[in-house]
Amino acid sequence: MNPDRRDRLRDAAIEVLARDGGRGLTHRAVDRTAEVPPGTTKNYFPTRDAVLRAVAERCLEQYLALTTHLAAGAGPSDREGLVALFRSLLENVAGPGRARLLAVLELQAEATRRPWLSGFLDPMASGDFAGFERAQRTAGLPVTPQRAAVITLALHAAIPHLLTDGPDTLAAAGLDDPDRFVRDLLDTVYPPDATT
């Protein structure tokens, strides 16, 4: 099978899942979105579970590529660098990362009924816990596993709100200003005048 066409179908399936949700993820919808002849997706991914697996694999690949790129850098050297990193990650939610993150949220819901999907989702979440803790450490903050986890959980909790873009909710959470949100979060977990 053609690997380029396979990737095109997987990318189209992410787009369909993000746009139409789990019920809209059909072989025909993926064929239309990928602009391939009818039946192509079914030829590559014969069942709905195979399509879901393909989406999950592609989301994990994209996540690993992103984190590998971020890990190749030195990481934030101070608090301001950490603010810039976390702010850019939050801004990515409404930008280029939107479709992938919407698809991941749909996959999380599917994983409650198809536990095998957790094998693809768990490395993304656990990778964030490890990577965000490392970023806090390189920024010189007095990191503990608990503090690092609070930061990661807060950033993860922000994602669905940023995706749904409800102005009242964003304002109530402080997410209408991602820079301020990150600064307030860091100040809460790591007060600037605290030494430990």
Side-chain angles (χ1 to χ4, degrees), residues 56-57 59-196:
E57 288 172 344
C59 286
L60 180 57
E61 287 171 13
Q62 291 173 348
Y63 171 83
L64 292 174
L66 176 65
T67 56
T68 298
H69 172 73
L70 289 173
S77 60
D78 58 17
R79 194 178 190 103
E80 282 303 308
L82 188 64
V83 168
L85 171 65
F86 288 161
R87 181 186 62 239
S88 71
L89 292 174
L90 291 177
E91 290 169 347
N92 181 267
V93 172
R98 182 176 173 76
R100 180 181 61 82
L101 290 166
L102 280 168
V104 167
L105 289 178
E106 291 287 341
L107 290 170
Q108 287 173 333
E110 288 283 346
T112 64
R113 296 174 292 278
R114 291 172 172 80
W116 55 266
L117 278 169
S118 294
F120 297 98
L121 300 172
D122 192 51
M124 289 186 258
S126 63
D128 278 355
F129 280 92
F132 292 174
E133 180 173 346
R134 189 169 43 255
Q136 292 166 65
R137 198 172 303 287
T138 63
L141 298 179
V143 178
T144 66
Q146 295 79 14
R147 287 176 173 163
V150 167
I151 298 289
T152 304
L153 289 169
L155 294 172
H156 278 201
I159 291 171
H161 300 300
L162 290 166
L163 290 170
T164 55
D165 200 27
D168 292 341
T169 303
L170 292 178
L175 288 164
D176 54 339
D177 182 345
D179 186 79
R180 188 186 75 228
F181 174 83
V182 171
R183 289 178 189 282
D184 289 348
L185 175 61
L186 290 175
D187 287 351
T188 300
V189 177
Y190 300 105
D193 54 351
T195 57
T196 59

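These values consider heavy atoms only, across backbone and side chains, with no hydrogens, waters or symmetry-generated copies. Computed from a prediction, not measured in an experiment: that's the story for all the values here.
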L170 and H161 have their tightest heavy-atom pair at CD2-O, 3.5 Å

Would you check, one step at a time, whether the test side chain to side chain contact (heavy atoms under 4.5 Å, CB included) holds for L141 with L186?
CA-CA 10 Å; L141 298 179; L186 290 175; 4.3 Å; yes

F181 vs L155 side-chain heavy atoms within contact, under 4.5 Å:
yes

What distance separates F132 CZ from L153 CG, expressed to the nearest 0.5 Å?
10.5 Å

List for me each residue that meets salt bridge (Lys or Arg N to Asp or Glu O under 4.0 Å) alongside E80, sequence neighbours excluded, and say none if there are none.
R183

Test your reading of the model: is there a side-chain donor-acceptor pair from R98 to the backbone of L163, 3.5 Å cut-off?
yes

Can you tell me how far the CG atom of D176 sits from the OG1 atom of T169, to the nearest 0.5 Å?
11.0 Å

Working to the nearest 0.5 angstrom, can you tell me the gap between L101 CG and L162 CG?
9.5 Å

Please find the pair of heavy atoms, one from P160 and one from H156, that lie closest to each other, and give the distance.
CD-O, 3.4 Å

Over all heavy atoms of both residues, which pair between G81 and D78 is shortest? Give the atoms and the distance, please.
N-OD1, 2.8 Å

Minimum-distance pair of heavy atoms, taken over all atoms of R87 and D179
NH1-OD1, 2.6 Å

Heavy atoms, side chains only, cut-off 4.5 Å: are F86 and L185 in contact?
no

Any carboxylate oxygen within less than 4.0 angstrom of a Lys/Arg side-chain nitrogen, looking at R180 and D187?
no

For T138 and A135, which heavy atoms make the closest approach, and how far apart are they?
OG1-O, 3.1 Å

Can you check whether E133 reaches F129 side chain to side chain, under 4.5 Å on heavy atoms?
no

V182 and side-chain contact (heavy atoms from CB on, under 4.5 Å): which partner among L89, L90, L85?
L90

CE on M124 to CD on Q62, rounded to 0.5 Å
9.5 Å

Over all atoms of both residues, closest heavy-atom pair of L117 and L107:
CD1-O, 4.0 Å

Student check: side-chain heavy atoms of L66 and R100 closer than 4.5 Å:
yes

Rounded to the nearest 0.5 Å, how far does OH of Y190 lie from OG1 of T144?
6.0 Å

Taking the side chain as every heavy atom from C-beta outward, state whether V104 and Q108 have any atom pair closer than 4.5 Å.
yes

If I take atom OG1 from residue T152 and atom CG from residue D128, how far apart are they, to the nearest 0.5 angstrom?
6.5 Å

